[in-house]
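Everything below concerns the one structure shown next.
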Amino acid sequence: MGFEKMNSKVLKVSVGPGREVLARRGAMLGYTGDVRFSPVRSGGGSAGGFLGSQLSGESAAMMVAQGSGEVFYGFQGLTYAVVDLSGAEMLTVESNRLLVHDAHLNSAIVPLTAQQSGGGFRAGLRSAATGAMTGQGMFTSQLSGVGSVAVLAHGEVLELPVRADKPVIVDPQAFVAARGQVQVSLGANVSFKEARSGEMFQLTATGQGTVSVQASERKF
Amino acid sequence: MVAQLRTNGHRVVEAHLNGDSVKTLTGSMVAYEGKVQFKKASFGGGEGVMKTLKRKATGESLDLMECVGQGVVYLAQMGSYIELIALAGDKLSVESSALLAYESTLSTNVTFAGMHGMSAGQGLTTTSVSGHGAVAILSDGPSICLEVSPQYPVTVDPQAYLGSSGQLQQGFVTGVNWKSLIGEGSGEPFSLQFSGTGRVWIQPAER
């Protein structure tokens, strides 16, 4: 739609009346036409989500682009993947990996562990704690509706299908996004030998959909 | 069927496990399917006591884990390019920092590599992999394979050197002269020269 790949690291987005986009603050590289940028804080989320995001120092500082013209987005030389949402499925993505998305998409910030348990204060605390342990912010944005999303990654992005009979297990630092009816839960390996292999914490993706993984353990 | 390494794009390698194992760099798993266990490779990466002592003595470190089970493991390391090299009974010398994974049919050792280690700051030794199977090596950018033949020796920057295989003699070239002493050197004081018959892999970046 309005998202056009310039190369693997730069994305061109056309902005017009009724077609605003939200982007990560500082990710604008240049623009043509008459475009204005103003800061917004995206995603309300629950009280737990807010508290957790404060604790873990993670927040989705976004800016909205309005007017008419074309904007070039890119961030720190990272690569990105564009996901087109049809309205039937939901994209779960780590909040600080959002490069740009259509402003009319619904978004909410939730702690990762709260996806099944319904959120709230305690889940927020728990999520902040696990985020601190894995060295990875475990707050995710959930996006739904009809539109496009560009997600940041380091290295290449690998899309792996998840089926009911075939769960996919992901290194938390390599997790980029999950799409469809996918539940993501954090687990730890209890065996001492396995802990020493450096793969102690793992995310298990179950359900039906796809999970995106980056070819790197570099966290954001 | 034995475990197999396959590329998936430029920066990801799939390890297909069928009840057996592959050895990989610790922490390089990004995702997996099936039932797979990750173990810190036993004392010295399962190389045995003597080799481990040699490794310890030479400072040629190799931090490996073993992936065992049934399924597919996706391996990647910091978005590096990955080159798969197939060995058919020959030996690959590789910088230990560039070794990502190797099939369980292969064995590793520490070998004396001449003087190049000193200039590259990597110790005087290098890791060698031998046997029948595939090795995955890491490269900062797409790697370049250079053919060496008796008429055409190849000279490379030690910091760009990844590995080599074949019947090669390794030499050491210095470009140090009076200009270097007054700070007017070319910035390439040491080079590695390979002669004989074989292949040398380099990366388009200096460590």
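Chain letters run A, B, ... following the sequence lines, proteins first and then strands; every chain starts at 1. Both backbone and side-chain heavy atoms feed into the values below; hydrogens, waters and symmetry mates do not.
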- Item | Structural part of B:Tyr74 lying under 4.5 Å from a heavy atom of chain A | side chain
- Message: Among residues at least two apart in sequence or on other chains, which ones pass side chain to side chain donor-acceptor pair (under 3.5 Å) with B:Gln167?
- Response: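 Scan of B:Gln167 (side chain to side chain donor-acceptor pair (under 3.5 Å), adjacent residues dropped) gives none.
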- Message: How about NZ on A:Lys5, more than 12 heavy atoms from neighbouring residues, nucleotides or ligands closer than 6.0 Å, or not?
- Response: yes
- Item | Pick from A:Ile169, A:Val170, A:Val211 with the largest number of heavy-atom pairs that fall under 4.5 Å of chain B |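 Most pairs with chain B among the choices: A:Ile169.
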- When heavy-atom pairs shorter than 4.5 Å are enumerated against chain A, which of B:Leu75, B:Val12, B:Val72 gives the highest number? B:Val12
- Checking A:Val168 against chain B: side chain, backbone, both or neither under 4.5 Å from a heavy atom? both
- Query: Which residues pass the ring-ring contact (aromatic ring centres under 6.0 Å, His included) test with A:Phe72, sequence neighbours left out?
  - Reply: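 With sequence neighbours excluded, A:Phe72 shows a ring-ring contact (aromatic ring centres under 6.0 Å, His included) to no residue whatsoever.
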- Item | For the student: nearest non-hydrogen atoms of A:Asp171 and B:Met29, plus distance |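 Here A:Asp171 and B:Met29 meet closest at OD2-O, 3.0 Å.
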- Query: Can you name the nearest heavy-atom pair linking A:Ser216 to B:Met78, along with the distance?
  - Reply: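 Result for this residue pair: OG-CA, 3.2 Å.
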- Query: Between B:Glu33 and A:Lys166, is there a donor-acceptor pair closer than 3.5 Å when you use the side chain of the first and the backbone of the second?
  - Reply: no
